[in-house]
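Presented below is the structure to which this report refers.
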Amino acid sequence: MFVINCPYCGEREQSEFKAGGEAHIVRPKQPTELSDDEWAEYLFMRKNIKGIQFERWNHIHGCRKWFNMIRDTSNDEIKAVYKMGDEPPKI
Amino acid sequence: MSKNLRINSSKYIDQTNRISFIFNGKKYYGYKGDTLASSLLANDLHLVGRSFKYHRPRGIMTAGSEEPNAIVQLHKNTSRTEPNVRATEIEIYDGLEASSQNCWPSVNFDIGGINNLLSPILPAGFYYKTFMWPASFWKNYEYFIRKSAGLGKSPTKADPDIYEHKYIHCDVLVIGSGISGIMAAKTAAKNKLKTLLIEEKPNLGGSTIYQNSEYFKINNQTSSSWLEKEINEVKKIENLEIKTRTSVAASYGYNFLLARENLTDHLPIEHRKNKARHRLLKIRAKKVIFATGSIERPLIFDNNDRPGILLSSAIKRYADFFGVACGEKNILFTNNDTVYETAISLIQKGINIEAIIDNREEPDSKLLYEVEKNNIKIFKGYTIIDTSGYKRINKISIMQLSKDGQNVVGSKISLSCDCLGISGGWTPAVHLFTQSGGKLKFREEDEVFIPNIAPSNQLSVGACNGDLSLDEILINTQNSLKKFFNIKNTDYDNLEKLSSTNKSKRNIWLLPSDKVLGKTKSFVDYQNDATAKDIKLALREGFRSIEHVKRYTTTGMGTDQGKLGNMHALGIISETTGTKMGELGTTTFRPPYTPLTFGTIVGRNVGEYFDIFRKTPIHDWHVEHKAEFENVGQWKRAWYYPKKNENMYQAIQRESKAARDSAGILDASTLGKIDIQGTDASEFLNRVYTNAWSKLAVGKCRYGLMLNEDGMVYDDGVTTRLEENRYIMTTTTGGAANVIGKLEDYLQTEWPELDVYLTSVTDHFATVSVCGPNSKKIVSEVIPNLDLSDESFPHMSFKNAKIGKINCRVMRISFTGELSYEINVQANYGKSVWEKCMEAGKDFNITPYGTETMHLLRAEKGFIIVGQDTDATMTPIDLQMDWIVSKKKYDFIGKRSLYRSDTIRDDRKQLVGLLTENPNEVLEEGAQIVADINKSPIEMLGHVTSSYYSPNLKKSIALGVVRGGKNMMGQKLIIPMEKKNINVTVADPVFLDKENKRLNA
């Protein structure tokens, strides 16, 4: 059970949060211009890294804000949290 | 008559407080401070249970939570009964009732004991191998296997006890209160850290607290009296909390730990009233120190499981702590120095030792010489090859070990005894350390796994860190504490110490015998009756991974999780396969460390709090009017309202007919409601729904369909434009939370530039839906000031109105296909508005209907229910709802996916209507749909999603999804059922009022 430092609320138990998959996958601005393969790349393809992974989390039972997290999946160490739209910090 | 083996008064046992208890129907006495095990041993009773598979007589083996054999059922046939309780942990109290498990008719004469004689034909994997064929016979086998298996009986009545959960936050958590735990706790607390010390036993001090020996000294005092002073100091420290009778069950990442605090199990039952029995502590600690000690290893030889065989450390604890002798003719058997500590304790107390068998050829230690001084015969370089005594050990046979330890040589010597203490060295208790991610390494010299890489902010000290002698513990604990807390000194920097243990050990995982292995029963896992032979068999049969061998032989899979024998299983595998222990690794240590009761896990979430449900503001009315309820998500929704003698079918037929013939009323309060505001609200709806929203006028309603990005239907509902920049969206009952979650996700992460705000108002409004040809008359009576004329208030429009002083929103929208009004009021007025409608509708036979009638009515109109007629594989095109997908909009969620190669296939499953050849035949929902039953295998085309008998159409109607169904209109298909095949025709899914005349009536 992690303790997550919500960028808006501070440290809270993991049970207040919901994981939202890989971060920094931007919805294409013009989906109609994309081929089936390009659209499928956006729609289905996700990384599953053992090690440093960029993730989206939602403080669902708190401020309901989405934010980003950098987590080492091999030992669950959270390297950083940062707001949506912010550049990922150097780690 | 049983003997009294209480040998002296111990300060931990209150001999002025005699306690009576019942074991297997017979009354016994013990004293306050005794465990069930210590008091049974004081009564010279060793036989307490039968083993799981062979039903062999078994006795008490240990003095702690690692006990594999002495597990009992408490208070059988009462609501407080509990199986698999370790006799070594239960503190006795007046009225305690315990009985043996896994035996019938009694522990002394157990019919299942025949399994022991049959054991040559009951090897590892016996059940897997034997009961495979013929497959259809499993049903018969299972009945008998289940009857003869099982450990104890679970309670059948509700648990009368209460349980609690509690969160604890601390700077430092110390687990274990032996010498290193006390050092750690005191050092932490003295450095002003908020410290919690947890001990699983009722008293502090671990095994040092009774180490009252001249051979183990600290600052010239015996280690026990030194520690006692330390404990007295520790108890006075203010920022240090101590919890005894508390066992840490699990250790997770980020220093989150679960512990069970036992509050009343040691009290007589009449004293437990209104007290919580267990408290589950959810501990979040900044730093965790494991001081969990070590567990003594048994030795693996033929018939090493008889009652009267105990770990040598247990014999010492029973003598020193409880003042009980485990036998009058004791023999000790060892491969290390531990038994000499036991021997010295026994000698001090005048307990007879017949002999000591030491498998080392030239053991050399102060302790041994002291024992030899007392004229006790020590057989050096010998091993036990067999024991005898069915219900209590009475004899052992020993032989000399060969130089390499692989064989026995010379002649057999027999020695009689009534108790045998064994010691195979020590296994550090690293369970909790590894649970939270700690990595182990194997220390070759004494063959133990010890902590290697610890997660941050965790430390192991003392025996659980592999420090197995007093001087090592004192020096290493003090040094690691300094590093861990980053401090210069501790109270323990300059201790004078005397430790007399010699660390030499002759480790032989499986001791040799004069018999071939196949003829021996050398138990590795006592509780599950797994022997060394079984492990070797598994290896011969090709199992290699330690995890596989474990599951095949069931080694380590009992309630004790193999705390004693797992290391020997690893050792035997390592030797047999020639793999190094360090490379073999261990099986995974999983929580809980000791079993937890369900009550502890569930805590206060029992009864009505077990699964909370949501009630609408009109709920009480439904209850008063005898509604049957169904669960929709967390909601309780009125399902149907049976009148006297009516069954469900009859009630629904009546309700459905009334709604179309005159008037029906439905509580629709559970529908999700989202208030959407902002200057970009229209644009937002354009992006999340498939149809266009920009041109919707204020005061108008529109049905919308929401997709996932993959093009599949996600949710639907009517959204109303309340003001220029304000909408109220309705969602399905079950989808409400997910929809607002998804909308928030897009708003915050993809379209942060949109000026839109979302608020869930599901609970703020009650919704009363009145439908049917007479609904207009009823609503006009309830809200007289409201102009309901079709010109002013047409279908799919909305008006604000007042019922007396109550504000309400009225929408003319319909899910039934009838003329229909939805009145939304502030939730607390819901019931009164409902009652007003009932009153106004009296003359029109207004009929309350539930979800089942609602489903039937909408099916007549061919309206879908998301989640019933759709799963996550249906596009709007598959649902024949092309009309709702905007061709003009550049983009909306899921649009691009609607023309992927997969979604434009003609042979996708598509929603169609189904009419049965016999109009009275009602299909089963979920039934398969096929075209050709002669083909093999039969090709499945789809399945029935909704099916009813329509009282309004006087025939059976159904919806279903069929591969390529769109182009099969009028085609005959077959629904194959168990007893017959039902012929159906593919039809238009709209069965009633295709022209929508009723909506505008």
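Order of the sequence lines sets the chain letters (A, B, ...), proteins ahead of strands, with each chain counted from 1.
- Under the 3.5 Å distance criterion, the side-chain polar atoms of B/R908 are matched with a main-chain donor or acceptor of B/T873.
- Looking at A/K65, both its backbone and its side chain come within 4.5 Å of chain B, counting heavy atoms on both sides.
- The closest side-chain heavy-atom distance from B/L432 to B/I175 is below 4.5 Å.
- With a 4.5 angstrom heavy-atom cutoff, A/F67 does not touch chain B via any of its atoms.
- Neither the backbone nor the side chain of A/I4 comes within less than 4.5 Å of any heavy atom of chain B.
- Per-residue heavy-atom pair counts under 4.5 Å with chain B were compared for A/V26, A/N58, A/D36, and the maximum is reached by A/D36.
- B/K889 places a side-chain N or O within donor-acceptor distance of the main-chain N or O of B/N691, the cut-off being under 3.5 Å.
- The only option from B/Q458, B/R284, B/K286 that meets the side chain to side chain donor-acceptor pair (under 3.5 Å) definition with B/N255 turns out to be B/Q458.
- With B/T731 contributing its side chain and B/V739 its backbone, the two residues share no donor-acceptor pair below 3.5 Å.
- In terms of modelled atom types and a separation under 3.5 Å, the side chain of B/D680 and the main chain of B/D755 share a donor-acceptor contact.
- Distance alone, capped at 3.5 Å, is enough to place a donor-acceptor pair between the B/T903 side chain and the B/S897 backbone.
- Your options are A/M84, A/Q30, A/K18, A/Q14, and the one with the most heavy-atom pairs under 4.5 Å with chain B is A/Q30.
- When heavy atoms are compared at a cutoff of 4.5 Å, B/D745 approaches chain A by way of both its backbone and its side chain.
- Residue A/I78 touches chain B through both its backbone and its side chain, counting heavy-atom pairs closer than 4.5 Å.
- With a 4.5 Å cut-off on non-hydrogen atoms, B/Y746 touches chain A through its side chain but not through its backbone.
- Side chain of B/Q748 to backbone of A/W66: a donor-acceptor contact under 3.5 angstrom is found.
- For A/M1, the parts sitting under 4.5 Å from any heavy atom of chain B are the backbone and the side chain alike.
- With a threshold of 4.5 angstrom between heavy atoms, B/D710 approaches chain A through its backbone and through its side chain.
- Both the backbone and the side chain of A/R64 come within less than 4.5 Å of a heavy atom of chain B.
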